[in-house]
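For reference, the structure is listed below as structure tokens.
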Amino acid sequence: MRLKSIHKCQPGDKLARPIYAENGTVLVGAGVELTQRMIERLKSKNINSLYIEDTRTDDIMVDTVISEGTRRQAMSIIHDTFRSVQEVPQKWQQLLTDKNLGRQLRQVMSAVADELKGSKSAMNLLADACAFDNYIFSHSFNVALYSTALAINTGCTEREILDISIGGMLHDIGKMHIPDEILKKPGRLTTEEFEVMKKHAEIGFEMLRRQDDIPLLAAHCAFQHHERWDGSGYPRHLKKEEIHPFGRLMAVADVFDALTSHRVYRRGMLPHEAMEVLYSGSGVLFDQYYVEALRDTIALYPVGLSVTLNTGVSGVVVDSNKGMPSRPIIRILVNEEGQDLAQPYECDLSKMLSLMIVACGDLV
């Protein structure tokens, strides 16, 4: 299978992996042939790239981040909870004090953590395309996954991992009280609109902090995920160690997913591009410790991504190297003259240090 831009997909291309709806159900199953109408519909649902079957790479397999059942449960909880808060805002306190909701949150995020602990592959959220109308649903799910993986990889306790997981899932719940005309505006916010948007951090904190069944530290994830290392963030302009470690971790997970997510007004960055942005703010906007931890958690060059090397040859990423995220294993399919090779071969960039990736397939 190969990772392909939705804008380069053609009728007849066959899906190699399923596409999910924002409530976690399968929208289009693996093996389905795309039609032009389906392609246009997926574009409108903010799908940026898909895994497509390809005879030259049909043996390449992409590991799922979590199982389909766990994904469906987690996304369903996010979808139903956020929708309920948005549609009946005066009943949010009753909703969040629901013991059943707290139990469901703990159960599903414990399952997420257990599956992430058992995964041997670097995290690749491009593996599971999600069609959405409301960006907050998919963003909350992704941030929950990234923050949980970061908590695991930085040696947090079981209790801390669960608190961070729930915090990641609910970190943006305050946005459900932000007017839609601001929340869904497809361009830059005015100064006045941004001041309203900024209130979501404190709103989310106030919504969560008094709920007996929601960990207090999860509420602080909502409160502090926009604080910045140099004090330039909001709502309290905390700096450095004044920010709780969970807040520092959540800030990195939140920004990384925002950068890599496709939006109507801009394309999503590839993981290595987003990491460059985070590194440019490391020690200034973000705690360097968590930036480096994220680099070692994700697949900088996802399996199936088309790449070109400095020698002029090109191919597809077939695997990552643990501990060397910028040096994956590449299957070379095309020579320097742009001709398809009759006998493709593989290069392990961790062992061939003179080779470098100089360009990646266009996923715009």
Side-chain angles (χ1 to χ4, degrees), residues 1-10 12-20 26 28-34 39 42 47-68 71 115-116 118-130 145 149 260 268 270-273 296-335 338-352 355-364:
M1 63 179 74
R2 294 181 77 156
L3 190 59
K4 193 173 182 180
S5 166
I6 186 68
H7 299 285
K8 293 184 177 180
C9 288
Q10 300 290 328
D13 282 347
K14 188 175 292 186
L15 287 175
R17 294 192 57 77
I19 301 171
Y20 295 92
V26 174
V28 186
V32 172
E33 286 192 4
L34 297 176
I39 292 170
L42 292 173
I47 293 290
N48 191 36
S49 58
L50 298 170
Y51 276 97
I52 300 297
E53 291 185 5
D54 173 62
T55 55
R56 304 191 81 198
T57 55
D58 60 4
D59 61 319
I60 297 176
M61 304 304 295
V62 179
D63 291 333
T64 56
V65 178
I66 58 172
S67 67
E68 187 173 307
R71 164 183 283 274
E115 292 185 20
L116 289 177
S119 175
K120 297 179 181 179
S121 302
M123 181 174 286
N124 170 22
L125 293 195
L126 294 179
D128 296 314
C130 178
L145 292 181
T260 54
L270 287 168
H272 73 280
E273 296 172 324
D296 295 334
T297 299
I298 61 167
L300 286 183
Y301 296 96
V303 171
L305 180 68
S306 298
V307 297
T308 300
L309 303 185
N310 56 325
T311 56
V313 301
S314 59
V316 172
V317 176
V318 298
D319 204 355
S320 57
N321 279 303
K322 192 173 180 62
M324 298 187 73
S326 64
R327 310 292 295 174
I329 300 170
I330 313 296
R331 179 174 298 172
I332 305 301
L333 301 173
V334 179
N335 66 18
Q339 301 168 330
D340 288 347
L341 294 173
Q343 297 294 327
Y345 61 95
E346 294 184 2
C347 293
D348 185 343
L349 300 192
S350 70
K351 299 175 181 177
M352 306 176 76
L355 298 180
M356 294 177 291
I357 295 174
V358 295
C360 294
D362 187 5
L363 295 185
V364 177

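- Between the SG atom of Cys130 and the CD1 atom of Ile19 there is a distance of 10.0 Å, given to the nearest 0.5 Å.
- Side-chain contact check for Pro344 versus Ile332: every heavy-atom pair is 4.5 Å or farther apart.
- Under the 4.0 Å criterion applied to side-chain N and carboxylate O atoms, Asp340 and Arg56 are assigned as salt-bridge partners.
- Checking side-chain atoms of Asp54 against main-chain N and O of Thr57 turns up a donor-acceptor pair under 3.5 Å.
- Summarising the geometry of Val317 relative to Ile60, their closest heavy-atom pair is O-CD1, 4.3 Å, with the distance given to 0.1 Å.
- Leu355 and Asn310 get closest at one heavy-atom pair: CA-OD1, 3.4 Å.
- For the pair Leu349/Met324, no side-chain contact is recorded, criterion being any heavy-atom separation below 4.5 Å from C-beta on.
- Side-chain contact between Tyr20 and Val26 is present, with at least one heavy-atom pair separated by less than 4.5 Å.
- The NE2 atom of His7 sits 6.5 Å away from atom CG of Asn48, with the distance rounded to the nearest 0.5 Å.
- For the pair Asp13 (side chain) and Gln10 (backbone), a donor-acceptor distance under 3.5 Å is present.
- At least one side-chain heavy atom of Leu309 sits under 4.5 Å from a side-chain heavy atom of Ile357.
- Here the closest non-hydrogen pair linking Ser306 and Arg2 is OG-NH2, 3.0 Å.
- Contact record, Ala16 with Met1: CB-CB, 3.6 Å, taken as the closest heavy-atom pair.
- Taking 4.5 Å as the limit, some side-chain heavy atom of Pro325 sits within range of a side-chain heavy atom of Asp296.
- Heavy atoms only, all atoms of each residue included: Cys360 and His272 are closest at SG-CE1, 3.4 Å.
- Residues Asp128 and Arg17 are in side-chain contact: their nearest non-hydrogen atoms beyond the backbone lie under 4.5 Å apart.
- Note that CG of Asp319 and CG of Asp63 are 8.5 Å apart. Values are rounded to the nearest 0.5 Å.
- Evaluation of the side chain to side chain donor-acceptor pair (under 3.5 Å) test over residues 324-334, restricted to residues two or more places apart or in two chains, returns Asp59-Arg331, Arg331-Glu346.
- Rounding to the nearest 0.5 Å gives a distance of 10.0 Å between CG of Leu333 and OH of Tyr345.
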Item checked: side chain to side chain contact (heavy atoms under 4.5 Å, CB included) between Ile52 and Leu15, intermediate numbers included -> CA-CA 5 Å; Ile52 300 297; Leu15 287 175; 4.1 Å; yes
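- In plain terms, the two heavy atoms of Ala299 and Pro271 that are nearest each other are O-CB, 3.5 Å.
- Every pair tested for ring-ring contact (aromatic ring centres under 6.0 Å, His included) that includes a residue from residues 304-326 fails, sequence neighbours excluded, so the list is empty.
- Other residues, nucleotides and ligands place no more than 12 heavy atoms under 6.0 Å from the CE atom of Met61.
- Counting heavy atoms from C-beta outward, Thr260 and Leu270 have side chains that stay 4.5 Å or more apart.
- Thr297 is linked by a side-chain hydrogen bond (donor to acceptor under 3.5 Å, both in side chains) to Asn153, counting only residues two or more places apart in sequence or in another chain.
- We find the CD-OG1 distance between Glu115 and Thr64 to be 7.5 Å, quoted to the nearest 0.5 Å.
- When side chains are defined from C-beta on, Leu42 counts as touching Leu50, because their heavy atoms get closer than 4.5 Å.
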